[in-house]
Structures are given as structure tokens and as C-alpha cells.
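Report on the structure given below.
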Amino acid sequence: MSRFRVQGKGRVRHDAPVGFTFDGRAYDGLRGDTVASALLANGVHLMGRSFKYHRPRGPVCAGTEEPNALVGTSRDGGAKGGRFEPNTRATAQELRQGLTVESQNRLPSLKFDVGAVNDRLYMLFSAGFYYKTFMWPRSFWDRVYEPVIRAAAGLGKAPDTVDPDRYASRYLHTDVLVVGAGPAGLTAALAAARSGAEVTLVDEHAEMGGALLSDPGVGIDGMPAWDWIAAQLDELDRLGVRRMTRTTAIGYYHQNMVGLCERLTDHLDTLPDDAPRERMWRVRAGHVVLAQGALEKPLVFDGNDRPGVMLAGAAQTYLNRYGVRVGDLAVVVTSHDSAWHAAFDLADAGTRIAAIVDTRASVRADLTEAAARRGIRVLASHTVTATWGRLRVKSVRVAPVRDGKVQGGYRIDCDCLLMCGGWTPSLHLFSHTKGTLRWDDVQQAFLPDRSVEACQIAGAGRGLWGYEAALRDGIAAGNAAAEALGRDAQDSAVLVANDRTGSGVSHKELPTDGDPNRARAFVDFQNDVTAKDIRLAVREGMRSIEHVKRYTTNGMATDQGKMSNVNGLMIASDAVGKAPPQVGLTTFRPPYTPTTFGTFAGYHRGGQFEVTRKTPIDAWAEAHGAAFEPVSLWRRAWYFPQAGEDMHAAVARECLATRRSVGIFDASTLGKIEVSGPDAVEFMNRMYTNPWTKLGIGRCRYGVLLGEDGYIRDDGVIGRLRDDLFHVTTTTGGAARVLAMMEDYLQTEWPDLDVWLTSTTEQWATVALNGPDARKVLAPLVEGQDMSAEALPHMSVAECTVAGIPARLFRLSFTGELGFEINVPARHGLRLWEALMQAGADYDICPYGTETMHVLRAEKGFIIVGQDTDGTVAPDDANLGWAIGKAKTDFVGMRSLRRPDLVAKGRKQLVGLLTEDGAVRLEEGAQIVADPDQPKPMKMLGHVTSSYSSATLGRSIAMALIEGGRDMDGQIVHVPMPDGVHKARITSTNFYDPEGERLKV
């Protein structure tokens, strides 16, 4: 048993030792310990090194806000093992048997670190030094500065092996979500549950109870605090409340969506088979109660960062929850009453309190009397001006303050220094919702103001101090949540004995008689930001707190400013000469605490990293040897190789077979949207460039969709099925984007239109038949529709039956051949495909994939949005000026088409290219120049957008965007490629059947 472990004290199991290693040395802890509490029990305070100066650091907190004690943890052999995690908070990692713990950011060892030379040179590393140092000489950036910065960046070592753990995710709907299971959270959950509401209670710790777990001397309703907690948890269980420990609310989003990270196995000695390590919960709550409590503030003074200097509340937690005294001889420095209670608890457990140093001139009589009974020296109206000790604090210099001036000081020996600068409400989650904050001059803290969500703040999170106040506020918050949900609230009350009420004063930094320009008074412990750094930033022009943050890196550590933001704000506001609310508060962003990538990824890893959408015909294609390619979120058949064929041979065969007889293509991935309603025609007129009013029922039209900037966003064929119903097709990759764009305009610009939008991409399987024999294959399977060219002309749509399946039959072509697209309910897609394959056997029907589709469409000059357009292409640039309704008065992007830059000469236009050597296929993306011998840098005229070898034409073809391309028809341009410069002639993009006779038969 370590001499710092108090036998029988705390909530750890003294009968269950747990072995672990730290930097290769074996230690023992107890079941229920954290890494930090176990090391402290063994007298180890030095646990890490700071980022910039590599100063020795120990834990300053006992919770997830810890900025100093970051370690690497592993189940299987350190940083090279698969289950290794860097930057783990030693104060939050529960101890497990065989845990391997490593310190970070040191070389060669934690006690002797060569990086500590930075500490000797600290005057060279003032705030913003990187902005000034790394600017000159310019040539040093690539060769010196960047390599050094990259080598120095970070604290822990990033794992270089595959993570073997599994991660999970789930959704949850609940009436009331209570975040934080301290005094206010427990009573809020009980009040809401007693009303009959479905309640979920979450807490990031292994046990529920919050601050009461560190204050066993408090009595509630006649019971000791721990017995009261057990009774409340029993009642919560009886009421059916879902209780989730080791679960952190990491983000609070719109419409009461809260993200939770539940840690499932990191505390277990052995891993259950297939058990996930962590689980992400996406919770939608009818009402949220935030009962996250408050965070204790450090005091800012010279030497406040040495190992052994920690928050008074943390020392109290280590004692009462983990049974660990943080030292034998303590000095307490405080400006708040709460630290006195911590001092009394430690004194009663055997730690000698050398002095309580209080910055206030007067302190409550009951506190000074309790200190006198314990023989504790009280130094009121005193300050701390320095500390000593290399790897752990050994002494502290204290000095009286008279009339605002620091008098002569003296040393007091100690092995730990406990500080308390008051408390800051935890407002991170509330701020995620864009709830407003207000500054409280009395408490010198930001408090929650107006909420934009169905949310209550309870307890210390809104500035209430004392257990009775927090308990009663929790009841009120729970009742308010219940009433907001239409349930009857029940009155209840609590009575607290030995309540730890208190108050204090706030300091920007402690007064000192030392040189403030040389003081090492730290504000952000992890990033080594000092008070003088913040004042320097203000002197150098940083007036906004956001600018100060980025100039100094204050608040950018892994604790996200939980320990440093308010102190930094107070110092900055003093330097600027403005009140704190005028200087502002930095933005809090999710996640609330550092969260593993695995939690966010969940099931999306390996083969499940991205959802692979497959069409109903995918299995047939796989069985028949198709090669596949990803297209947007879909897996699509790329080509169908036969024995001995590579891709080029297979594609050539598929192209020739389609043009000669008939080819079949799975087009199910095309985006499909139904636009319906009395105002459907008007909506289409406003969205698309084309006119739709006079489009007849049963007819189709090619539609072009623009953005407000006048550039092409998407295209597709649109069929009119009824007066008030359009079947809109989009590109495969544009389906979701187009629907979102339509929804946006319908909701925000034209809410007066009676229109409904329905995504039907997955509801319809689509099979395309193309080729001169397409009608012969299809006609015998069609019922209810005359298939003659006169009855079903090009660009028509009909509802009929195909192979006994209800279908929407489009006659259109993306190949230049006679073509049909048959849409049937998705569940019948494979049946339709097989029926067509059987019917086409006599015509040597040939299945083809996306590569052949690209070649066939390019031969006709049909564009693919996103390949032949690049976000700066207007309709006329792509030879689609004919698709703009000449009589239309308005549509999305119409005004932009009149912009001078969109009608100026010299714009890049889509043209065809034929290489001088027809065997040469140009590279897609290759740049185009007029004269390859021009002096460098060459003027680029444009680039190749599409390029293929055409078996039909017996040569290569290409399309390109070229400045003033149409005016250069017939001219020769040059295309530099790795194998040389190739000549190409500018032509029309329509290389095959330019009159379009083949698709009209």
C-alpha cells in the first residue's frame, strides 16, 4: 500500500489491486482508479511535458478538462501495438489490468528531456514568434522551417497500425435528456421521470453523483450524500430511466439533437468478443436539461504550472473518490470559499496544511474557526508570487498585500500547492446551440441567457452555488421539462446539512512584486501561454479575443479553453481597457472533449467505409463477369470482358454491337424526382432554362439546370405524365444535390407554389435499350402502347406494361441510336433485364457498361455534367444555347446569363478535337496551346474534357473547352503530353450521324 493511499477511503476497491506500467515501470493501483489517481497514490506527480517549452507537468485537474497529464495508452505493447491511443487524459482513463501507459513529448526520458532547452530560451518564444520568425529568409521555409515545424508538431505519437477495434452507432428518441448526473442532474431526471416522461440520464464518469462523490460529508434529507445518491439511482431505475455512464455529450445540434460518445470497453481487463470499443448515439430529445456543473478556475501566478500544483477541488476529489492524498505538506492559495473545505478534508486525512493563503482581506468566521481547530495557519490578504522545484513543487513564496501593494514575501515549504480562483459555469454545450450568454459582474463569469432550443440549464451551470440550491434547481428544471411536454409536475423539496455554500472574488492574475515581463504565470498550461503573452498580443494590435486566441494559441489546447478561456479574457480585457463582454468570448465548438475518429466513423470502415449502393441488376452483372467502377455512391458495371479481352477490347466490342444491332445498359442509378401538384408547371418553368408550359402530356424534353451564377449545375430528360406530374431525371451524382436545390427554392423563394417533390431514384429500376434492333427486341414485351415510330416518336413517354410489369417507357437516346429507357418498380428490375436479354438473344443483344456509354455519347457530342463542364461553363459555352427558352421571363440563373463576363468574347467553349494521328488518344485534362514553341510560361487555351478511342469511327475523338473555340473551327492546336506534343484539329463535337437520322427510325 502506497503511503499516499488512505486505507478505507474513497470509492475504489481496496481489495482489488490492478497492475499497470508507466514508462516501463510497474505500479499497482486499485479497481476504480484512474491512471492519474493511481500514479498519485504512488507519489508520481510528473506525468508529461508541455508543448512549447517542454516544462515538467503533472495533473492540474481530476476530470476530462485536464490540460497537462496527457499520456499514450495501449493494451498490446505501446505505440507499435494496434490498440494504442495518444493524448489520453490520465485523469479520465480508468485503470485496467495490464494497461501500458507512456508519457509523451519528451526525449529521451520524462525526467531528462532535451526539448527543455526551449524553457531556457523562453524569451525567444513569445506570443506570435512564429509569424515573425518563419517569414525570413524565404528560402528557409521549404528546407528548414516546415520540416522542423512538422517534426515538432503534436504531443503524442500517431498510431501507424490498423485499429483492430470496432465502433458502433445508434439512434435514440427520448422525451427528456439530462446531461450530467450530479446533484442538479439527478433531481432533474427524477422530477421529469415522476411525471411519466421517458427520461435518459447521461454522465461522462464511471459513476453518477457528480460533485457529491467528492463531498461525502454532506447530508441530504437525513442521509449521507453517498447513501442519498444510491437511493436516487434506485428510484430512477424503478421509474425506467435510461442511465448511461461513461457517456459524454460531445455536441448539441439543431432541433434538440445531441451527440453522445459512450465508452464501452476501455475500462475492461479483457475485451468481450466483437464488443465495440465506443458507440456514437444520436439522440433526439423533446426537451434537454443541461446540468454540467462548473469548472474550477486556476490562479495565474509565477510558477503555477509545476507538478504538484493543482486545483483544490481536484485534490479533494482524489482524496474522497480515490482515497489518495496528493501530498504530505500542502499550501492552499485561494480567492474562493470552496478551497477551504478541500483543505479541511485533506487535513482530516493526514495531510499537513502549511497555510491557507487567501487573497481576500476577510473570510467567513466559520471557515477561519474550522481552520483554527485544525491548527491551520491562515494568511488573509496574501498572494503567491513564485514557486520552486524542478520536477515537483518544493516551496512557495507568499507575500502580504497592503493597500493594493505587495509587501516583502517569504518561502513556505510544501510538496503540493492547491489553488482555487473560483468557478466557471460549463457552457460549451449550451453555446453549441447558439444560445446567448450574459456577463455577470458579481460572479465575473458568463451565464446562460436566451436559449434557441427546448432546453433548461440547472445548478452550477447557471451560476448557483451550494448543493441545496443545485438540488432544488434540478427539480425545477425537470418539472419545467415535464410541463413543456404537457405532463403534470410534482412538487418536492430537499434539505441539505453541511452544505458547501460559498463565494469569492475573481483575479485576472495574482498581484506580484516581481517583473511581469519575466514572470512564468501560465494561463493555457498545455500550450504554454502566459499572461505576458496575452498582454503582448494586445500591444501588437490584437483587440478581439478571437484574434488573441489565434495569436497566442490560448484556448486551443485539447481542453478547448476550459481551464484558460476566462482567465485569458480577464487579462485581455484589462490590457484592452474594456469590460470582458466588450472583448467577447471565443467560440465553443463540438466535440466537448477530444473524441476518437473511430467514434465518428462508427461502422464506416473497410468495406463499409462508404455505403455502396447497388442496383437491382448488380448481382446479374457480377455473375456475368462485369468489371465495376464507383460512380458517385453507386457501384456500376464498367464493362463486360470476355475471355482474353482487356478493357479497350471489351469496350470496342460493346460499342460495335450496340451500333450494329442492340445493346442493353443498366441506367437505374440515374437520379429520378417526381414534381407534382397544381403549380408543377410553373415550378419547372422557374427551375429549368427550358419552357414547360406547352410540353404535351406524354412528351419529353431535355432540361438544363443552372445555379444563380448562370453556370450549369445538372441536366437530364424530363417527361410529362400528367398536367400536374413530371418525371425528372438527373445525373447519377447530382440526384441529391438537385433535390436539395429544388427543396431550397420551394421553401425559401416560392413557398406560395403548390408543389410536392419526391425522390424516386431507388423506386425505379431503369434499363436502356439502344441500337437499330431495339424496337424489335422490346415491342413483343409491351402491352398497352403502340410501339411504332409514329405512335411513340423520339422524346416521348408512355405508361404501359413491359414483360408483364407496370412501366414508364421513355423513347430517348444517349447514344445516337434508336433508344428506349424502361422504368419499372425496383423490385422487378432484374426480372425485366432477364426478359429483355432473353428476347434479344436472336439479335445478339450485348450488355454494356459505363465506359461504352461514355464512348457512345461522346461520339454524338452529348455532354456529361461535371466532366465536360467544370463549374464555370454556361449553357452557350456547352453548345446548349438552344435549351434556353427565348420567351421566358425568369428562371434560376437567368439574370446571370446577361453578365458581361458571360457574354464576352473569348470564353471557353466546348468543341471537338481530332488528332492528326488517329491512333493517338489525348489525355483527359491535358492542356491545350496554340504554339508549343512559344516562350514560357505558355498561354493555355483550354483543356481536354473527354477523350476516347472510337471503334465505330476507327480513330480517337475528344472534346475540349477552348477559349473562343467555335471561332477556331478547323484550326490546328497542340496538346503537350508526356510522350510528346500532338496536333489536333478543332471540329464539331458531333462526330457520328450529325443529322441524327439513326435515332428517329
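- Using a 4.0 Å cut-off between charged nitrogen and carboxylate oxygen, Asp513 and Arg397 count as a salt-bridge pair.
- The two residues Ala312 and Cys420 come nearest to each other via the heavy atoms CB-CB, 4.3 Å.
- A side-chain donor from one of Asp215 and Tyr467 sits under 3.5 Å from a side-chain acceptor of the other.
- One N or O on the side chain of Gln443 and one on the backbone of Gly463 form a donor-acceptor pair closer than 3.5 Å.
- Not a single donor-acceptor pair under 3.5 Å links the side chain of Thr383 to the backbone N or O of Ala399.
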Please walk me through it: do Glu546 and Thr587 pass side-chain contact (heavy atoms from CB on, under 4.5 Å)? CA-CA 8 Å; Glu546 293 285 4; Thr587 302; 3.1 Å; yes
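- Contact between Leu585 and Leu569 at its shortest, heavy atoms only, is CD1-CD2, 4.4 Å.
- Using a 3.5 Å distance cut-off with no hydrogens or angles, the side chains of His45 and Arg392 do pair a donor with an acceptor.
- Heavy-atom neighbours of Arg402 CZ from other residues, nucleotides or ligands within 6.0 Å: above the threshold of 12.
- The side chain to side chain contact (heavy atoms under 4.5 Å, CB included) with Leu510 is formed by just one residue from the set Asp302, Val333, Thr385; it is Val333.
- Salt-bridge annotation for Asp328 and Arg3: present, with a side-chain N of the basic residue lying under 4.0 Å from a carboxylate O of the acidic one.
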Apply side-chain hydrogen bond (donor to acceptor under 3.5 Å, both in side chains) to Asn320 and Ser214, showing your working. CA-CA 5 Å; Asn320 291 325; Ser214 302; over 6 Å; no
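- The salt bridge (Lys or Arg N to Asp or Glu O under 4.0 Å) search around Asp403 returns none, not counting sequence neighbours.
- Side-chain contact of Ser506 with Lys297: a donor-acceptor pair under 3.5 Å is present, judged by distance alone.
- Side-chain N or O atoms of Asp337 include one that pairs as donor or acceptor with a backbone N or O of Ser503 at under 3.5 Å.
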Can you check side-chain hydrogen bond (donor to acceptor under 3.5 Å, both in side chains) on Asn304 and Thr387, steps first, answer last? CA-CA 7 Å; Asn304 63 339; Thr387 63; over 6 Å; no
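- Salt-bridge check for Arg57 with Asp528: passed, with a basic side-chain N closer than 4.0 Å to an acidic carboxylate O.
- For the pair Pro400 and Gly408, the tightest heavy-atom approach, listed with the atom from each and the gap, is CD-O, 3.4 Å.
- Of all non-hydrogen atoms in Ala371 and Trp340, the two that sit nearest each other are CB-CZ3, 4.0 Å.
- Minimum interatomic distance between Leu319 and Arg325 (heavy atoms only, all atoms of both residues): CD1-CG, 4.0 Å.
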What's the verdict on side-chain contact (heavy atoms from CB on, under 4.5 Å) for Met310 and Val326, showing C-alpha distance, side-chain angles and the deciding distance? CA-CA 9 Å; Met310 67 173 60; Val326 296; 3.8 Å; yes
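- Relative ring orientation between Trp465 and Trp423 is described as tilted, the plane-to-plane angle lying within the 30° to 60° band.
- Counted by atom type alone, Asp533 and Thr552 present zero donor-acceptor pairs between their side chains at under 3.5 Å.
- With Asn87 contributing its side chain and Leu70 its backbone, the two residues share no donor-acceptor pair below 3.5 Å.
- Asp305 contributes no side-chain N or O that, together with a main-chain N or O of Phe522, makes up a donor-acceptor pair within less than 3.5 Å.
- Under the 30°/60° scheme for interplanar angles, the aromatic rings of Phe22 and Tyr27 are found to be tilted.
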Salt bridge (charged side-chain N to carboxylate O under 4.0 Å, His left out) between Asp33 and Arg5, worked out: CA-CA 11 Å; Asp33 263 329; Arg5 181 78 70 179; 2.5 Å; yes
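- Distance alone, capped at 3.5 Å, places no donor-acceptor pair between the Asp413 side chain and the Ser395 backbone.
- In this structure, the separation between CG on Leu95 and OG on Ser37 is 7.0 Å, given to the nearest 0.5 Å.
- The backbone N or O of Ser50 sits less than 3.5 Å from a side-chain atom of Asn105, completing a donor-acceptor pair.
- Using a 4.0 Å cut-off between a side-chain N of Lys or Arg and a carboxylate O of Asp or Glu, Asp366 and Arg364 qualify as a salt bridge.
- Taking the six-membered ring for Trp and thresholds of 30 and 60 degrees, Phe344 and His341 have ring planes more than 60 degrees apart, a perpendicular arrangement.
- Considering all non-hydrogen atoms of both residues, Val357 and Val398 come closest at CG2-CG1, 3.8 Å.
- Ion pairing between Arg374 and Asp348 holds under the 4.0 Å rule for side-chain N and carboxylate O.
- Salt bridge absent: Asp440 and Arg462 never bring a charged side-chain N and a carboxylate O closer than 4.0 Å.
- Partners of His428 under the ring-ring contact (aromatic ring centres under 6.0 Å, His included) rule, at least two apart in sequence or in another chain, are Phe588, Tyr592.
- Within a 6.0 Å radius of CZ in Arg352, no more than 12 heavy atoms belonging to other residues, nucleotides or ligands are found.
- A donor and an acceptor atom, one from each side chain of Asp559 and Gln526, are nowhere located under 3.5 Å apart.
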